Amino acid sequence: MSSSLASVRNRAAQGSWRRGSYVFNFFRDIFTPMVKGEVESICEATAQLCEPLHDAFAWAVQHQRSQVPEMDGQAYGWIRTHMTRAFVHYRLGATAARLGDWKLSGNHRRNGELWLTNDEYCTRLLHGFRDDHVPAPGPNRQRRAFYQNRPLTKFGQPTLMGSEGSDLLILWRIDAQGAPLFRVVRTVGTWRFGKEQLVDLDFPLLASASDLRDLHFEPQDEGLELELPDEETNDADGTGGFSR
């Protein structure tokens, strides 16, 4: 479980999202207008990716299953992850006009990097194997630097590090029906595998931009709550890892 200022709570016992309140642990005294503005900016920016990513991943899974059904066995989860990333990269490149302000970046030939950037944010799409899992950054210096966002609670305080911003992870996995599920995560440090995850924002990237934009951040004494629709999160892939 992540140590998170904004981690999703109230999950159903069977591993599915349930309708109701999702508590974001922003307490009223630190939920400044600048913090709220950055959270809303992240939500608005990533809303542009809702339909393109859901479409690209759904197409990739269907394409992989129809073209190489021999790889559907449990032993081949690792290769399905690689094929999914490759097909998604192709699909996003072929439908780049749908990405709005975003564009593909990174070097896909380097272990299948799947990155998206716009004028304000950089995202890395990583494969997660649970709905509360954030891959550790590992020893790579560039990736470790990417994970080290300035905590949102310090936004607006004097800094010698230049303009503030957010590097984001979009974590993906495939459920039992072959539907993709996504989370947007903002990390605030590094950790070793199996240790406490350092995250201060964590929310699902819903299937439509309008649904995501309809979410309202309301600071509470106990935390920050969101109303979310039902969404299944059973994962049939059974694979995880540190894929880029």
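Remember, predicted model here, so these are calculated numbers, not experimental data. Residue numbers count from 1 along this sequence.
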Sub-4.5 Å side-chain heavy-atom contact between [X] and [Y]:
X	Y	answer
Leu198	Thr190	no
Val185	Phe203	no
Lys103	Thr117	yes
Leu49	Leu99	yes
His133	Leu171	no
Leu114	Ile170	no
Arg124	Glu113	no
Glu38	Leu152	yes

If you round to the nearest 0.5 Å, how far is [atom2] of [Y] from [atom1] of [X]?
X	Y	atom1	atom2	value
Leu125	Leu92	CG	CG	8.0 Å
Trp115	Thr123	CH2	OG1	10.0 Å
His127	His82	NE2	NE2	10.5 Å
Ile174	Arg65	CD1	CZ	8.0 Å

Shortest non-hydrogen contact between [X] and [Y], atoms and distance:
X	Y	value
Leu212	Cys50	CD2-SG, 3.8 Å
Arg85	Gly112	NE-O, 3.2 Å
Leu205	Thr46	CD1-O, 3.4 Å
Tyr147	Leu126	OH-CD1, 3.6 Å
Asp55	Arg91	OD2-NE, 3.2 Å
Val188	Pro151	CG1-CA, 3.8 Å

Partner set under ring-ring contact (aromatic ring centres under 6.0 Å, His included) for Phe87, not counting sequence neighbours: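 Residues passing ring-ring contact (aromatic ring centres under 6.0 Å, His included) with Phe87: His63.
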
Partner set under ring-ring contact (aromatic ring centres under 6.0 Å, His included) for Trp102, not counting sequence neighbours: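 So Trp102 forms no ring-ring contact (aromatic ring centres under 6.0 Å, His included) with any residue.
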
Atom CZ of Phe146 with >12 non-hydrogen neighbours under 6.0 angstrom: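 Yes.
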
Greater than 12 external heavy atoms within 6.0 Å of Asp119's CG: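 Atom CG in Asp119 is not packed in, count stays at 12 or less.
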
N-O pairing of Arg213 and Glu44 below 4.0 Å: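 Glu44 and Arg213: salt-bridged.
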
Pair Arg183 + Asp131, salt bridge at N-O below 4.0 Å: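 Answer for the salt bridge query: no.
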
CA sep, side-chain torsions, deciding dist, call: Leu168, Thr187, side chain to side chain contact (heavy atoms under 4.5 Å, CB included): CA-CA 7 Å; Leu168 306 171; Thr187 55; over 6 Å; no

No-hydrogen, no-angle side-chain donor-acceptor test under 3.5 Å, Ser41 and Tyr121: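 Tyr121 and Ser41 do have a side-chain donor-acceptor pair below 3.5 Å.
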
The single option from Phe182, Phe57, Phe129 passing ring-ring contact (aromatic ring centres under 6.0 Å, His included) against Trp172: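 Result for ring-ring contact (aromatic ring centres under 6.0 Å, His included) with Trp172: Phe57.
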
Side chain to side chain contact (heavy atoms under 4.5 Å, CB included) evaluation trace for Asp132 with Gln197: CA-CA 10 Å; Asp132 62 351; Gln197 302 166 175; 5.8 Å; no

